[in-house]
Amino acid sequence: MIPSLLVKFPASRGQLLVNSINKTCRTRSLSNSACLNAVELHYERVKASGSSPGKPLLICHGLFGSKQNWRSLSKILASRLDSDVYALASSLLLKAMDDLRNHGTSPHVGAMDYATMASDVLYFCDKHNLSSISLLGHSMGGKVAMAFALSPQLPPGMLSRLIVADITPSKGALSQDFRNYTDVMMKIEASNIHSRKEANEMLQEVEPDFSVRAFLLTNLTFPEDGAPVKFRVPVDIVKRSLDDLGGFPYEPSERKWPGKTLIIKGEKSRYVNKHNIAIAQQFFPSMRLSSLNAGHWGEPSLSMSLYRSP
């Protein structure tokens with residue numbers, strides 16, 4: 001039985017600075033090449049209420065998500081686990097949530113593969129002097145978290161626990177749904193519409209599920225000058241990156257991470273299945289598997305199970 005704390009959370013799940021080319025890592029624990037490729041991730045931090053916070057928890061969101069999707073859960077975890085949370089996070093005295101590149105308020109840049117996004121998280125941890133973190137990632141964020149754990153740049157002692165929600169380190173083309181979403185999102189931006197209702201009607205052409213449409217539309221912005229709606233994510237970059245997002249930067253024969261790893265499968269989802277669980281076990285030999293009565297698009301109903309070691 002996996003030691004766990006089960007927490008249910010409620011429904012809902014401008015041009016920005018890219019780091020200068022000559023920046024260096026604050027602690028020098030990362031190579032200069034890792035720093036040069038990284039961008040500054042925006043984040044939210046929820047502080048633990050106790051006087052002796054535990055190790056931090058970092059949270060990485062999924063494709064089309066942002067740190068705001070984890071705001072409610074981060075507050076619950078920080079309180080229940082008495083740790084800081086970064087949405088980006090760990091033994092929940094301090095919690096931080098971050099927006100991955102090309103999402104939310106983080107920088108919009110061309111490269112969007114898992115090794116590159118993992119380098120952003122490595123730089124974040126180095127800059128904020130974080131160590132012995134727990135790292136939680138959902139979907140795309142889960143692959144970022146796994147690439148972080150397997151990175152040759154990972155300093156000893158930086159990562160203590162890995163929690164991956166409904167994804168494995170397998171390779172394969174993403175569902176056609178994602179290409180349909182980006183096509184319609186680009187069409188919405190080109191249509192000069194001004195309301196969420198109009199955008200929702202256009203998305204309905206490719207996505208019948210209201211909850212999924214509502215999630216995608218959390219990215220919609222309404223300029224103060226009355227200009228047509230735009231999406232917060234750079235849809236063109238995301239569309240060009242879909243092939244990369246179906247991949248993974250390592251082979252099981254190349255890299256392993258022996259630390260504590262929990263993979264959570266949504267029972268109503270096919271993302272984690274008998275064909276790819278074995279691949280995850282090769283990368284993460286200490287992996288445990290848990291399941292929850294939820295689908296892949298977790299915001300409406302996902303319950304998040306986190307465990308702590310004794």
Side-chain angles (χ1 to χ4, degrees), residues 1-7 54-62 70 73 77 81 83 85-92 95-96 98 100 114-115 117-119 121-122 124-125 130-171 247-267 269 271-292 294 296 298 302-310:
M1 187 75 175
I2 301 171
S4 65
L5 174 66
L6 184 63
V7 181
K55 300 168 186 176
L57 168 69
L58 276 66
I59 301 175
C60 296
H61 60 77
W70 294 89
L73 179 60
L77 290 174
L81 300 178
S83 288
V85 177
Y86 292 83
L88 249 174
S90 75
S91 81
L92 309 189
K95 229 183 192 176
D98 69 337
L100 298 175
Y114 291 115
M117 289 191 284
S119 74
V121 182
L122 281 163
F124 179 92
C125 294
L130 300 178
S131 63
S132 196
I133 68 168
S134 294
L135 183 59
L136 163 63
H138 169 245
S139 195
M140 179 190 77
K143 277 195 165 182
V144 173
M146 290 184 283
F148 175 97
L150 297 167
S151 172
Q153 302 289 344
L154 181 68
M158 181 174 278
L159 179 64
S160 65
R161 300 180 188 90
L162 177 65
I163 306 140
V164 180
D166 209 42
I167 200 73
T168 68
S170 59
K171 299 179 181 181
F248 195 69
Y250 307 112
E251 297 291 340
S253 58
E254 298 174 333
R255 307 291 303 167
K256 295 185 189 302
W257 189 69
K260 293 184 178 181
T261 303
L262 174 64
I263 292 186
I264 305 167
K265 169 181 168 52
E267 293 175 354
S269 166
Y271 278 71
V272 177
N273 56 63
K274 63 182 181 181
H275 303 293
N276 56 36
I277 290 173
I279 297 173
Q281 290 171 328
Q282 292 178 67
F283 280 112
F284 306 105
S286 299
M287 184 196 99
R288 304 290 183 90
L289 180 68
S290 182
S291 63
L292 292 171
H296 182 74
L302 181 64
S303 298
M304 192 58 62
S305 178
L306 298 177
Y307 73 81
R308 295 190 291 184
S309 61

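Across Ala280 and Ile263, no two heavy atoms sit closer than the pair CB-CD1, 3.7 Å. What you find for Pro258 and Ser286 is that their closest heavy atoms are O-OG, 2.8 Å. Nearest heavy atom pair, residue Ala149 against residue Leu159, reads CB-CD2, 3.5 Å. Here the closest non-hydrogen pair linking Ser139 and Ile167 is O-CG2, 3.4 Å. Closest of all the heavy-atom pairs between Val164 and Gly142 is CG1-CA, 4.0 Å.
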Q. What's the verdict on side-chain contact (heavy atoms from CB on, under 4.5 Å) for Ile279 and Phe248, showing C-alpha distance, side-chain angles and the deciding distance?
A. CA-CA 12 Å; Ile279 297 173; Phe248 195 69; over 6 Å; no

Q | Chi angles and distances behind the side-chain contact (heavy atoms from CB on, under 4.5 Å) call for Phe284, Met146 | A | CA-CA 9 Å; Phe284 306 105; Met146 290 184 283; 3.6 Å; yes

**Q.** Check against side-chain contact (heavy atoms from CB on, under 4.5 Å), Leu150 and Glu254
**A.** CA-CA 9 Å; Leu150 297 167; Glu254 298 174 333; over 6 Å; no

Q.
Walk me through whether Lys171 and Glu251 qualify under side-chain contact (heavy atoms from CB on, under 4.5 Å).
A. CA-CA 10 Å; Lys171 299 179 181 181; Glu251 297 291 340; 2.6 Å; yes

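Considering NZ of Lys265 and CG of Leu292, their distance stands at 11.0 Å, rounded to 0.5 Å. Taken to the nearest 0.5 Å, the OG atom of Ser132 stands 11.0 Å off from the CE atom of Met158. Note: Leu135 CG to Ile163 CD1 = 8.0 Å, rounded to the nearest 0.5 Å. Note that CG of Asn273 and OG of Ser170 are 7.5 Å apart. Values are rounded to the nearest 0.5 Å. Residue Leu136 holds its CG atom at 7.0 Å from CD1 of Ile264, rounded to the nearest 0.5 Å.
Contact check for Phe283 versus Thr261: no side-chain heavy atoms found under the 4.5 Å cut-off. Using a 4.5 Å cut-off on side-chain heavy atoms (C-beta onward), Gln281 and Pro252 make no contact. The shortest distance between side-chain heavy atoms of Ile277 and Met287 falls below 4.5 Å.
Side-chain N or O atoms of Ser160 include one that pairs as donor or acceptor with a backbone N or O of Ile133 at under 3.5 Å. Listed for the Lys143 side chain is no donor-acceptor partner under 3.5 Å among the backbone atoms of Gly137. Using modelled atom types, one side-chain atom of Lys256 and one backbone atom of Gln282 make a donor-acceptor pair closer than 3.5 Å. A donor-acceptor contact shorter than 3.5 Å is absent between the side chain of Arg255 and the backbone of Tyr250. Looking at Lys274, its side chain never comes within 3.5 Å of a backbone N or O of Ala278 through a donor-acceptor pair.
Aromatic ring orientation, His296 versus Tyr271: parallel (interplanar angle below 30°, classes split at 30° and 60°).
Residues Phe124 and Phe148 keep their aromatic ring centres 6.0 Å or farther apart.
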